[in-house]
Trainee: 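I'd like to ask some things about the structure below.
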Amino acid sequence: MTVQERYEEAKMRYAKIGVDTDKALDALKEIKLSMHCWQGDDVIGFDQKGPLTGGIQTTGNYPYKATTPEELMEDIDKTLSYVPGKHKINLHASYAIFKDGEWADRDELKPEHFEKWAEFAKERGLGIDFNPTYFSHPKSEVATLSSADEDIRQFWIRHGQACIRISEYFAEQTGQTCMMNIWIPDGLKDIPGDRKAPRARLKDSLDQILSIPYDKSKVAIAVESKVFGIGAESYTVGSHEFYMNYAAKNNVMCLIDTGHFHPTENVADKLSSMLLFYDKMALHVSRPVRWDSDHVVLFNDEARDLAQEIVRNGADRFYIGMDYFDASINRISAWTNGMRNFLKALMYAELQPMDVLTRLQDSGNFTELMSLNERIKMMPFGDVWDYYCEKNGVLPEDEWFADCAKYEKEVLSKRA
Ligand code: RNT
Ligand code: ZN
């Protein structure tokens, strides 16, 4: 049976439970994922020589990570060739590309340092999202936007402002909104002497960053909370309560990273509550294993739950970014698996008979609700996925990995 024939058969079966597969695929095509550049080089970037800091960590020593902008771009291209649909790339300020002999510190970064990225995106019709980088820098060792050292705090405020200008530049160049996400690593390893003052300073720093004029139709700012970091286990300045309240009062978005909550908290359950109070919100899709480990996203229950809530609340209300960094496996395959898996989860959500499920709940028919939910799991979802891949000109499930292995052999392993 051809992919097309399998799809036609699946389509008929889905129709029986009230789902129009063509419509589902059209809806899926509209959803953009923001592909994080940092899976390609273990979050190292190009502007500093030092290690990754800030309480986040990549583990593993798989060879062939990208070490130059050219390699990273080549790898992004390869990965995107396996991902159906048109998406965005997500950059960090630390990925500035300087001309020979040139260098600028974080507070002096300018759009010109990101020209190559803008060109890259434009040539491919991709959008760009952006992140100031408040880690892996000599001035970020103790604290950044919450620093008690006024010079350091001002340095990082200027960095945030510089990044707003760069975000505006990206939006102008690509013609798409640039989502700019602020995450800082500030926290304490041990019992704080004062929980309040660092938060008050962070609040003031954010106010100062956001005080510069910028075009809100071009740049959508988000703030990302966290529960704890490595070496900052006892206190996180930018906690969830801090940012959720800050975002609500200052008309910016909350960014929810699925790895930044207690491991047994259901992150998907947060979305419908938050969207009663915000027009839009942002996400970092990651897979925490026991802690914020940033494992590659799988097509698992958590991803399906999250995708379901995205689709039910209206996918156009979300900026969906990927955020994982596995250094123990081929990085192209890590990127590809995560992106494809989350698209599968979104497709799975689009293929649910939402109206029927809602009606069963509203009429108190929980017996049938449970039974239908289980029946859905047995639907020929894979046939629809293969068809979607074929239609979008990307390799199907049973072929992309062999091609990726070939790329490792022919390109990655030949790199200096
Ligand atoms: C860290 C945050 C943050 C980073 C990236 C590199 O805990 O999740 O989003 O992972 O910005
Ligand atoms: Zn994140």
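Throughout, numbering of the chain's residues begins at 1 and tracks the sequence. As the structure is a prediction and not an experimental result, all values here were calculated from the model. First listed ligand is number 1; within each ligand, the first listed atom is number 1.
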Trainee: Could you tell me the residue and atom name of the protein heavy atom closest to atom 7 (O) of ligand 1, and the distance to it rounded to 0.1 Å?
Mentor: Lys226 NZ, 2.7 Å

Trainee: Are Trp38 and Asn90 linked by a side-chain donor-acceptor pair shorter than 3.5 Å?
Mentor: no

Trainee: Is Asp294 in polar range of ligand 1, meaning some N or O pair under 3.5 Å apart?
Mentor: no

Trainee: Might you work through the side chain to side chain contact (heavy atoms under 4.5 Å, CB included) test for Thr236 and Val227, ending with a clear yes or no?
Mentor: CA-CA 6 Å; Thr236 301; Val227 63; 5.9 Å; no

Trainee: Could you list which atoms of ligand 1 come closer than 4.0 Å to a heavy atom of His260?
Mentor: 1 (C), 2 (C), 7 (O), 8 (O)

Trainee: Taking the six-membered ring for Trp, are Tyr7 and Tyr387 parallel (under 30°), tilted (30 to 60°) or perpendicular (over 60°)?
Mentor: parallel

Trainee: Taking N or O atoms only and a 3.5 Å limit, does His92 qualify as a polar contact for ligand 1?
Mentor: yes

Trainee: Ring centres of Phe98 and Phe46 under 6.0 Å apart?
Mentor: no

Trainee: So, Ser205 versus Arg153: side-chain donor-acceptor pair below 3.5 Å or not?
Mentor: yes

Trainee: Heavy-atom count around Asp279 CG within 6.0 Å, excluding the residue itself: above 12?
Mentor: no

Trainee: Are Thr174 and Lys88 packed together at the side-chain level, in the sense that at least one heavy-atom pair is separated by less than 4.5 angstrom?
Mentor: no

Trainee: Numbering the atoms of ligand 1 from 1, which are under 4.0 Å from a heavy atom of Asp292?
Mentor: 7 (O)

Trainee: Where's the contact between His36 and ligand 1, heavy-atom distance under 4.0 Å: side chain, backbone, both or neither?
Mentor: neither

Trainee: Show me which atoms of ligand 1 lie under 4.0 Å from any heavy atom of Ile56.
Mentor: 1 (C), 7 (O)

Trainee: Taking distance alone, with N or O pairs closer than 3.5 Å, would you say Asn181 contacts ligand 1?
Mentor: no

Trainee: Mind checking whether Asp323 has a heavy atom under 4.0 Å from ligand 1?
Mentor: yes

Trainee: Distance check, rounded to the nearest 0.5 Å: His87 atom NE2 versus Lys32 atom NZ?
Mentor: 8.0 Å

Trainee: Out of all atoms in ligand 1, which are within 4.0 Å of some heavy atom of Phe325? Include the element for each.
Mentor: 10 (O)

Trainee: Are side-chain heavy atoms of Lys280 and Tyr319 found at a separation under 4.5 Å?
Mentor: yes

Trainee: Please report the shortest heavy-atom distance between Arg331 and Asp42, naming the atom on each side.
Mentor: NE-OD1, 2.7 Å

Trainee: I'd like to check Gln48 versus Phe135 (side-chain heavy atoms, cut-off strictly below 4.5 Å). Are they in contact?
Mentor: no

Trainee: Please report whether ligand 1 has a polar contact with His284, defined as an N or O pair separated by less than 3.5 Å (distance criterion only).
Mentor: yes

Trainee: Hey, what's the ring geometry for Phe170 with Phe130, parallel, tilted or perpendicular (30° and 60° as the breaks)?
Mentor: perpendicular

Trainee: Taking 2.8 Å as the limit, list every protein N, O or S atom around the Zn ion (ligand 2), by chain and residue number.
Mentor: Glu224 OE2, Asp257 OD2, His284 ND1, Asp323 OD2

Trainee: In terms of residue, atom name and distance, what is the protein heavy atom nearest to atom 9 (O) of ligand 1?
Mentor: Glu224 OE1, 2.7 Å

